[in-house]
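Step one of this worksheet: look at the structure below.
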There are 2 protein chains.
Amino acid sequence: MIRLLLAEDQGMMRSALALLLNLEPDIEVVAETGTTAEALDAALRVRPDVALLDIEMPDGSGLDTAAALRDELPDCRVLILTTFGRPGYLRRAMEAGATGFLVKDGPVEELAAAVRRVLTGERVIDPALAAAALSAGPNPLSDRERDVLHAAVDGATVADIAGRLHLSESTVRNYLSAAIGKTGTRNRIEAAHRARSNGWI
Amino acid sequence: MIRLLLAEDQGMMRSALALLLNLEPDIEVVAETGTTAEALDAALRVRPDVALLDIEMPDGSGLDTAAALRDELPDCRVLILTTFGRPGYLRRAMEAGATGFLVKDGPVEELAAAVRRVLTGERVIDPALAAAALSAGPNPLSDRERDVLHAAVDGATVADIAGRLHLSESTVRNYLSAAIGKTGTRNRIEAAHRARSNGWI
DNA sequence: CGGAGGCCAGGACATTTGTCACCGCGGACC
DNA sequence: GGTCCGCGGTGACAAATGTCCTGGCCTCCG
């Protein structure tokens, strides 16, 4: 029996997946959570064989949870399940020690199959997405550039960002300028969008 | 037997919901689509009793599909199913003649129950969301202000927007300024975010 | 009919944003 | 040791953005 942890913030998706996976004769959902904090907590408690993690969750990223699980629970296989097939997400998932990476397109049947395959240690990755990740190249942004860009997405002014990150306004402008240059865009908004769609932030 | 049409762009969600709804003894999913165009097409062909529509779909909004169905297939009840419980969405759904409005939180069990209730003509709406929609008030933005704001979300410059909408740059700046004023924000980015989160665009 | 309000446009202006050149500091690497 | 690179900062500058005022055109409504 495969003991599985399910972390997914959208309630309907979570309960639907749990129901369907429990219908499989060799799979048992032993924990269900909607946040990364609970996911980590539950994983350490129930010690599942496979952790099925969403990326976008309200209190953080499933990618960070994957990295934490690799350190805390190395025997637990991690299967990332996400809405967005962003190249940078796949790259970060692999760096975080995930064994599989599935997008929420495609039918549910893929899911149970993927769970069984990651359990054997086999990597499960959409080939088209893998190609896209390789061709997109690595994340060109430095840590600070990421921070500044991330702080700019919701319309914050330079002064806001400077205050939030404890930097001078000049520095913030310089990082924004660098990020705009590296992403090949014309302003902070385009840069932030580009970085998002590539999974760089 | 309740004949149901399911329009939802996310493949895994769609197939999961179809499977679960088909498990209900009195519900049969007679059509499954991932776009609004196919949804309308299939609805006219199979004439379902209930249409379960997602809002965010790649080729348009489920809200527009709801309005089209009201005109073309008035006997078909519409149940909106969406990720985001935005007040403006609910308002527009009601104006488009939807009978129910469900967010994708909460367990799947709610779904079958909601389908049965809309079939009788009963309105199905989350009370908390209804209250939020009423307290938020109507959309304060004029048509043009919406257009301009919508064109600005992805980082377009004033010149871009003017070209795309066949307006002068001065006009675009004026509309943006008006939108910023009405949303009580400081710049176009914040204004666009506010408009999004309220379902105004 | 008059007024209100949406739409479109122009000008003037202050502010913000984006760019560039240049500075020092410190860690990493050869 | 030197060199490279990321980090943090400054000053100056051009361009873009946001604001306010003016005007005209149209439609809808009292």
Side-chain angles (χ1 to χ4, degrees), chain A residues 88 91-92 95 136-201, chain B residues 88 91-92 95 136-201:
Chain A
R91 181 178 295 266
R92 283 160 63 193
E95 288 168 2
N139 188 341
L141 269 31
S142 76
D143 287 352
R144 267 334 205 184
E145 286 158 2
R146 274 214 316 278
D147 293 342
V148 170
L149 216 46
H150 188 257
V153 290
D154 53 349
T157 66
V158 171
D160 293 340
I161 304 173
R164 208 183 304 173
L165 265 51
H166 306 291
L167 293 176
S168 89
E169 298 194 12
S170 310
T171 306
V172 171
R173 290 141 81 89
N174 285 336
Y175 281 132
L176 280 175
S177 187
I180 291 166
K182 286 184 180 179
T183 52
T185 50
R186 293 174 301 170
N187 55 53
R188 60 176 72 184
I189 319 173
E190 284 190 352
H193 273 85
R194 174 71 53 86
R196 286 219 128 194
S197 68
N198 281 337
W200 290 338
I201 56 175
Chain B
R91 182 178 295 264
R92 282 160 65 194
E95 287 167 3
N139 187 341
L141 267 32
S142 76
D143 288 352
R144 267 334 206 183
E145 286 158 4
R146 275 214 316 277
D147 293 343
V148 169
L149 216 47
H150 188 257
V153 290
D154 52 351
T157 66
V158 170
D160 293 340
I161 304 172
R164 208 182 304 174
L165 265 50
H166 306 291
L167 292 175
S168 89
E169 298 196 12
S170 309
T171 306
V172 171
R173 291 143 82 87
N174 285 335
Y175 281 133
L176 280 175
S177 187
I180 292 167
K182 286 185 179 177
T183 52
T185 50
R186 292 174 302 170
N187 54 52
R188 59 176 73 185
I189 319 172
E190 282 190 353
H193 273 83
R194 174 72 54 85
R196 286 219 128 193
S197 68
N198 280 337
W200 290 338
I201 56 175

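Chain letters run A, B, ... following the sequence lines, proteins first and then strands; every chain starts at 1.
- If you measure from atom CD of A:E145 to atom P of C:dG18, you get 14 Å, rounded to the nearest angstrom.
- Distances shorter than 4.0 Å separate none of the side-chain N or O atoms of A:S142 from OP1 or OP2 on D:dC5.
- In this structure, the CZ atom of A:R144 is 16 Å from the C1' atom of D:dC5, given to the nearest Å.
- B:T157 places a side-chain heavy atom less than 4.5 Å from the side chain of A:N187.
- Residues A:D147 and A:R144 have side chains in contact (heavy-atom distance under 4.5 Å, counting atoms from C-beta outward).
- One interatomic measurement links the two molecules: CG of A:L141 to P of D:dC7, which rounds to 10 Å at whole-angstrom precision.
- A heavy-atom distance below 4.0 Å to DNA chain D is reached by these residues of residues 169-195 of chain A, ordered by number: A:S170, A:T171, A:N174, A:Y175.
- When distances run from any side-chain atom of A:D143 to the nucleotides D:dG9, D:dC7, D:dT17, the shortest one goes to D:dC7.
- Looking at A:T183 and A:W200, their side chains come closer than 4.5 Å, going by heavy atoms from C-beta outward.
- The nearest whole Å value for the distance from the CD1 atom in A:I161 to the C1' atom in C:dT17 is 11 Å.
- Going from atom CG of B:L149 over to atom C1' of D:dG18 covers 14 Å, rounded to whole Å.
- At a cut-off of 3.5 Å, with distance as the only test, no side-chain donor of A:N174 or A:S177 sits close to an acceptor on the other residue.
- Rounded to an integer number of Å, the gap from CG of A:D147 to P of D:dG6 is 15 Å.
- In A:R146, the CZ atom is crowded: over 12 heavy atoms of neighbouring residues, nucleotides or ligands sit closer than 6.0 Å.
- With A:E190 as the fixed residue, the side-chain hydrogen bond (donor to acceptor under 3.5 Å, both in side chains) test singles out one of A:R186, A:R188, A:H193: A:R186.
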